[in-house]
Amino acid sequence: MSEVVLVTGGSRGIGAATSKLAAARGYHVCVNYRADEAAAAAVVAGIREAGGTALAVRADVSRSAEVERLFRTVDDELGPLTGLVNNAGTLETQCRLDELDGERLARTWSANITGPFLCAGAAVRRMSTRYGGSGGAIVNVSSAAARLGAPNEYVDYAAAKGALDTMTRGLALEVAREDIRVNCVRPGLIHTGIHALGGEAGRVDRIAPSLPMGRGGRPEEVAEAILWLLSPAASYATGTFLDLSGGR
Ligand code: NAP
């Protein structure tokens with residue numbers, strides 16, 4: 001039976017690279033997205049043209065009813081879930097902490113914290129031996145920002161990723177004897193569209209010269225690490241973090 005992986009935010013950037021690499025490695029892939037249907041359809045079409053199996057499902061991961069529908073669709077269309085990549089995340093315009101209001105904070109927490117928590121819970125209820133499942137792996141996509149704090153840019157986003165780091169440890173220990181591994185990647189500056197959301201599409205190019213490796217990263221370089229953590233090759237790794245930040 002094929003491995004089934006759900007990639008939240010699998011339609012663009014790191015999630016799209018992860019969906020494509022997972023399909024190339026033989027996983028049946030659910031490509032989740034929130035709004036950009038065309039981008040999700042393009043990822044699925046590319047996977048199918050290459051002979052893989054994929055399905056696009058629209059759902060906002062910060063809404064519990066939509067998460068339940070998303071996971072039920074995976075159950076029905078692809079079969080028992082064996083992997084979750086908690087990749088969906090977002091940020092807003094660069095500013096200082098003293099300029100943040102409550103509405104923005106609520107949006108940041110719900111997209112970057114509530115979403116991964118809801119998806120991890122739904123995945124555990126399917127994969128855990130405690131629930132009669134056959135085990136699996138969860139990979140959270142956090143950020144180097146959790147360590148660096150993102151001053152003058154988005155301390156709210158950085159703090160949300162810090163929460164995801166804490167969830168990685170806590171959940172990994174909760175389910176360590178239930179045949180589920182929970183790990184985390186922390187990308188640094190990666191060439192994707194997320195930086196435009198902060199109001200600076202060229203952010204990676206601006207900062208890259210100051211990085212130890214002198215360049216930004218590619219989504220495919222993060223996808224490789226995610227696929228390793230999902231795979232049986234990482235069978236003794238749980239509750240751990242892989243920084244993909246060019247030495248930063
Ligand atoms: P991206 O290019 O902006 O893509 C974000 C993806 O997430 C899109 O597929 C988007 O779908 C989806 N998404 C956003 N909010 C969602 C929600 N509430 N429900 C479902 N899907 C949602 O971002 P990226 O740079 O690839 O980032 C992917 C992950 O890596 C994020 O968690 C981000 O924080 C993290 N990260 C990125 C970098 C970097 O430099 N790029 C560095 C560190 C960490 P729609 O297009 O349909 O909205």
Side-chain angles (χ1 to χ4, degrees), residues 6-20 29-44 56-67 69-71 84-92 106-119 122 139-150 153-154 156-165 167-168 184-208 211 215-223 225-226 241-246 248:
L6 165 59
V7 182
T8 67
S11 56
R12 296 191 292 114
I14 293 167
T18 302
S19 295
K20 291 175 199 168
V29 183
C30 177
V31 177
N32 158 252
Y33 66 102
R34 176 180 51 177
D36 190 342
E37 187 173 2
V43 171
V44 168
V57 180
R58 182 200 292 262
D60 181 339
V61 295
S62 66
R63 297 173 182 267
S64 53
E66 297 190 28
V67 169
R69 179 178 49 75
L70 168 65
F71 278 78
L84 166 68
V85 182
N86 250 332
N87 167 77
T90 195
L91 50 76
E92 298 191 26
R107 287 194 300 274
T108 300
W109 308 151
S110 68
N112 296 299
I113 304 176
T114 304
F117 268 73
L118 290 174
C119 290
V139 179
N140 291 327
V141 181
S142 174
S143 172
R147 292 185 280 111
L148 301 171
E153 292 189 321
Y154 10 73
D156 56 336
Y157 167 81
K161 293 301 191 181
L164 189 54
D165 286 4
M167 183 266 260
T168 300
C184 186
V185 294
R186 289 190 296 206
L189 283 162
I190 310 298
H191 288 281
T192 74
I194 201 170
H195 308 286
L197 300 176
E200 189 186 4
R203 178 169 175 264
V204 178
D205 291 329
R206 172 175 62 83
I207 302 174
L211 300 179
R215 68 170 180 86
R218 290 179 288 105
E220 292 76 15
E221 294 178 302
V222 181
I226 292 171
F241 300 84
L242 225 167
D243 289 339
L244 303 148
S245 50
R248 193 185 195 197

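Remember, it's 1-based here, ligands and their atoms both numbered in the order they're listed. Given the structure is predicted, the values throughout are model-derived calculations rather than measurements.
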Could you report the tightest heavy-atom contact between V85 and T18, atom names first, then the distance?
CG2-CG2, 4.2 Å
Closest approach of N86 and P116, non-hydrogen atoms and distance?
ND2-O, 3.1 Å
E153 side chain to A150 backbone, donor-acceptor under 3.5 Å:
no
Closer than 3.5 angstrom, by distance alone: can the side chain of S143 be matched with the main-chain N or O of R186 as a donor-acceptor pair?
no
What are the polar N/O contacts of ligand 1 with the protein below 3.5 Å, with distances?
unit_1: ligand 1; atom_1: 9 (O); unit_2: G9; atom_2: O; d: 3.3
unit_1: ligand 1; atom_1: 9 (O); unit_2: S11; atom_2: OG; d: 2.7
unit_1: ligand 1; atom_1: 18 (N); unit_2: D60; atom_2: OD1; d: 3.0
unit_1: ligand 1; atom_1: 19 (N); unit_2: V61; atom_2: N; d: 3.0
unit_1: ligand 1; atom_1: 25 (O); unit_2: T192; atom_2: OG1; d: 2.5
unit_1: ligand 1; atom_1: 26 (O); unit_2: I14; atom_2: N; d: 2.8
unit_1: ligand 1; atom_1: 32 (O); unit_2: N87; atom_2: O; d: 2.7
unit_1: ligand 1; atom_1: 32 (O); unit_2: K161; atom_2: NZ; d: 2.9
unit_1: ligand 1; atom_1: 34 (O); unit_2: Y157; atom_2: OH; d: 2.5
unit_1: ligand 1; atom_1: 34 (O); unit_2: K161; atom_2: NZ; d: 3.1
unit_1: ligand 1; atom_1: 40 (O); unit_2: G188; atom_2: O; d: 3.2
unit_1: ligand 1; atom_1: 40 (O); unit_2: I190; atom_2: N; d: 2.9
unit_1: ligand 1; atom_1: 40 (O); unit_2: I190; atom_2: O; d: 3.3
unit_1: ligand 1; atom_1: 40 (O); unit_2: H195; atom_2: NE2; d: 3.1
unit_1: ligand 1; atom_1: 41 (N); unit_2: I190; atom_2: O; d: 3.4
unit_1: ligand 1; atom_1: 41 (N); unit_2: T192; atom_2: OG1; d: 3.1
unit_1: ligand 1; atom_1: 46 (O); unit_2: R12; atom_2: NE; d: 2.7
unit_1: ligand 1; atom_1: 46 (O); unit_2: R12; atom_2: NH2; d: 3.0
unit_1: ligand 1; atom_1: 47 (O); unit_2: R34; atom_2: N; d: 3.0
unit_1: ligand 1; atom_1: 47 (O); unit_2: A35; atom_2: N; d: 2.7
unit_1: ligand 1; atom_1: 47 (O); unit_2: D36; atom_2: N; d: 2.7

Donor-acceptor check, side chain of R69 to backbone of R58, threshold 3.5 angstrom: yes or no?
yes
Do T168 and N140 pair up side chain to side chain, a donor and an acceptor below 3.5 Å, judged on atom types alone?
yes
